[in-house]
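All remarks here apply to the structure that follows.
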Protein chains: 2
Amino acid sequence: MEIEREDDKATFVYDEVVRIAGTGAPKPVPFDVEGKGQPGRASIGDVARLAEVAPITVSRALRNPEMVSPDKRLRIQRAVEETGYSVNPHASALKSGRSNIVLAFASNLMSEQFSLALRSCTAVLEDAGYLFLVGQTSYSYERETAAIRSLHAMKPAAVMFTGVIELETNRELLRGLGIPIMETWALPRDPIDMLVGFSNTEAGWIAADILHRKGYRTVSYVGRRGGRGALRLKGFHDGCRALGMTLLGEHLIDDVNGVSDGRRCLAAAISQAARPEALFCSNDVLALGCMMEARRLNIRVPNDLGILGFGESDIAAEIPPGLTTIGIDSAMLGRKAGEMLISSLSGAPFAGKLKRLDLRVSDRGSV
Amino acid sequence: MEIEREDDKATFVYDEVVRIAGTGAPKPVPFDVEGKGQPGRASIGDVARLAEVAPITVSRALRNPEMVSPDKRLRIQRAVEETGYSVNPHASALKSGRSNIVLAFASNLMSEQFSLALRSCTAVLEDAGYLFLVGQTSYSYERETAAIRSLHAMKPAAVMFTGVIELETNRELLRGLGIPIMETWALPRDPIDMLVGFSNTEAGWIAADILHRKGYRTVSYVGRRGGRGALRLKGFHDGCRALGMTLLGEHLIDDVNGVSDGRRCLAAAISQAARPEALFCSNDVLALGCMMEARRLNIRVPNDLGILGFGESDIAAEIPPGLTTIGIDSAMLGRKAGEMLISSLSGAPFAGKLKRLDLRVSDRGSV
DNA sequence: TTGTAAGCGTTATCAG
DNA sequence: CTGATAACGCTTACAA
């Protein structure tokens, strides 16, 4: 077989993908409904007919099995298996006004930390029988508003955000939904409904504290201009002032697209007349970029320049000398959020609505 | 303000989150439906009454404006704005058997490449009026099956997977859905329906070719045991044989959890009696781990050991000497997939169903 | 414990 | 171009 890298001639190799034959999974669904010739899905009526009960009994058997006598329950179960029936969530939602879908909106799917949180949240919610789906808002108010408006129609069981909602109109819209709303990743005084978060402002203070303890006296900030970046900057700024450190520069960017943004920030930071002894990067991607650029320029970290990050990026630990970074347990955030949503959904009367997570410091070697 | 890092005493700093007052966004929804005292959402009937038309006319005005006369269209539009009406997707889906939701299932949200593809796909589909939501299957057949079964009931407009479906029962189930199914990230001979993919087997051949051209003669493989990992290994294995290279070892892992897995693989690879001159890592996270471990062990890359990756990871370029990596344009994959789904959904008669992407090589310095 | 009747909000169908 | 009617599949409310 020839390998041709620039083949416009369709000389290529198919993937012989493994095919795994039938497992013990329930019978496939295509089901010839009695009478109707279509191969459509079975409906609750079909199951009821097969089990010789009323449709409503099927409904009950599926949602509150204990309300149905054991023999009917068994017949129904058999009929369900035979037909491959599963509830039509649209019909269910239309009638009951509820659905088993929990929606999450992430401002950025490419964030390692968000992904981690969403993954653990998925696990918790799906184990409880919910379908957990994720949409993207891309740090755009417009998309966020669109998402929230569509929510209003879709009536999910609950909604979660990787962040807090800033637009007052959107907060209002969400309140009107009458479902549990979970905000995360910050610690506002007035969450819409539920919250699993931490103080970004405090993170900034902690950053200042760490740098101060390590003996740095002149520092600069690198981070996003808006949102949580601004909060961390505020804390850092206040912390520096309180501790008598000089905040030489603030290198703000609108959007983090990759490590190269960090490189640029470092270049900007050291090109200033007064060069800082250390940098607080409110985002590990930026911090990594700074570390890489520092190495390229033969600036020794931490000897010539301390670098402190935020976010506990996986690889941050791996780049010598190891990025010291502030962060939270993202997986735990997701898990907690999931658990709190579940208990709220199951109608627990005084389920906690707020959970503050502690920040922690992973001391590696970069400051 | 005090900073206390180990505070169990709730001494912490709230985030003063920015609040942005009302924009020109449409009036919030809570709407007192005439007659009923509830503050519930407006329904199509409410809009119809206000506009003095029949409900069906509202429905048409919203979906095919050109079917309704301009004056009624205007009255309806006004009524919609006044009531904050939006279509109830459940009722709509129930009746029509269609919805505007496109579902994607990712085996792993933490993959940089998947995220990139999903992001561009989101953009394309949302611009076309679809709601694009992502679920996770976590490389688990069980979760995948559950997801697919729930699909059957939910009737999304289309479904997409970051991968191809291996279980025959699931393929059958998906075929029965009667909606566009998009598989990606591989090049099977018999996709279920639509496909935007590339040949993983070919990627392995290319890897062998690259290493051979660079003069390596004894090599080892590092990668996932199953799925696409196995395909890349197959191509690499065959390529090595064809080119007369010796494939010394295969270091297979079940699941990539982070860079440390790569470290372990490198350690295993070099501890063999016959040490390979180069490594092909079928995954950039593993490749990065290998590079980092190599540096730690003072193994010079590429002089002592060549390392070739797959996936075009962002940071791969940044770690000296720069990881040479094979890959595709993930953003383009997502965009293409989105576009093809849209044209299929809009009923284009012979819209292409298959698209093969070319592999490309980012030559940096690690081989 | 089980069943009957009604309707959730929308759209397909067909008639005007 | 517009409207009346019925039905999608399910669950609430009530009755037996």
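The analysis underlying the following values was restricted to heavy atoms, covering all of them including side chains, and did not include hydrogens, waters or symmetry mates. First the proteins, then the strands, lettered A, B, ... as listed; each starts at 1.
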Could you state the atom-to-atom distance from NZ of B:Lys155 to P of C:dT11 in whole Å?
15 Å

How many Å lie between CG on A:Asp46 and P on D:dG9, as a whole number?
9 Å

Of residues 54-69 of chain B, the positions that come close to DNA chain D - non-hydrogen atoms, cut-off under 4.0 Å
B:Ala54, B:Ile56, B:Thr57, B:Arg60, B:Glu66, B:Met67, B:Val68, B:Ser69

Reading DNA chain D from 5' onward, which residue's closest nucleotide shows up sooner: A:Ser92 or B:Lys72?
B:Lys72

If you fit an axis to the five pairs at each end of the helix from C:dT1-D:dA16 to C:dG16-D:dC1, how big is the angle between those two axes, to 10 degrees?
20°

Verify the contact: side-chain N or O of A:Arg98 to OP1 or OP2 of D:dT12, cut-off strictly under 4.0 Å; return yes or no.
yes

Indicate every side-chain donor-acceptor pair of residues 89-97 of chain B with a distance under 3.5 Å to a residue at least two apart or in another chain.
residue : atom : partner  : partner atom : Å
B:His90 : ND1  : A:His90  : ND1          : 3.2
B:His90 : NE2  : A:Met154 : O            : 2.5
B:Ser96 : OG   : B:Ser92  : O            : 2.7
B:Ser96 : OG   : B:Arg98  : N            : 3.2
B:Ser96 : OG   : B:Arg98  : O            : 3.4

Could you give the NE2-to-C1' distance, from B:His90 to C:dT11, as a whole number of Å?
16 Å

Return each pair, listed once, that meets side chain to side chain donor-acceptor pair (under 3.5 Å) where at least one residue sits in residues 54-63 of chain A; pairs must be two or more places apart or across chains.
none

Whole angstrom is fine here: how far is it from CD1 in A:Ile44 over to C1' in C:dG3?
13 Å

The side chain to side chain contact (heavy atoms under 4.5 Å, CB included) partners of B:Pro55 (sequence neighbours excluded) come to B:Ile44, B:Ala48

Restricting to ring-ring contact (aromatic ring centres under 6.0 Å, His included), what partner residues turn up for B:Phe132, sequence neighbours left out?
none

Check whether A:Thr162 reaches the backbone of A:Ser107 with its side chain - one donor and one acceptor, N or O, closer than 3.5 Å.
yes

Gap between atoms CG and C1', on B:Asn100 and C:dT10 respectively (whole Å)
14 Å

Quick test of your reading: applying salt bridge (Lys or Arg N to Asp or Glu O under 4.0 Å), list the pairs with at least one residue in residues 122-132 of chain A, sequence neighbours left out, ordered by first then second residue.
A:Glu126-B:Arg143, A:Asp127-B:Arg143

Got a list of side-chain donor-acceptor pairs under 3.5 Å for residues 67-78 of chain A, not counting sequence neighbours?
residue : atom : partner : partner atom : Å
A:Ser69 : OG   : A:Asp71 : OD1          : 2.8
A:Arg73 : NH2  : A:Val68 : O            : 3.4
A:Arg75 : NE   : A:Ala51 : O            : 3.1
A:Arg75 : NH2  : A:Ala51 : O            : 3.0
A:Arg75 : NH2  : A:Glu52 : O            : 3.2

Counterpart residues, salt bridge (Lys or Arg N to Asp or Glu O under 4.0 Å), relative to B:Arg171 (two or more places apart)
B:Glu168, B:Asp190

A:Leu94 has an atom CG; how far is it from atom C1' of C:dA6, in whole Å?
13 Å

Under 3.5 Å: donor-acceptor pair, side chain of A:Asn108, backbone of A:Met110
yes

Looking at A:Lys95, does any N or O in its side chain come under 4.0 Å of the phosphate oxygens OP1/OP2 on C:dA5?
no

What is the distance, rounded to the nearest whole Å, between atom CD of A:Glu52 and atom P of C:dT2?
14 Å

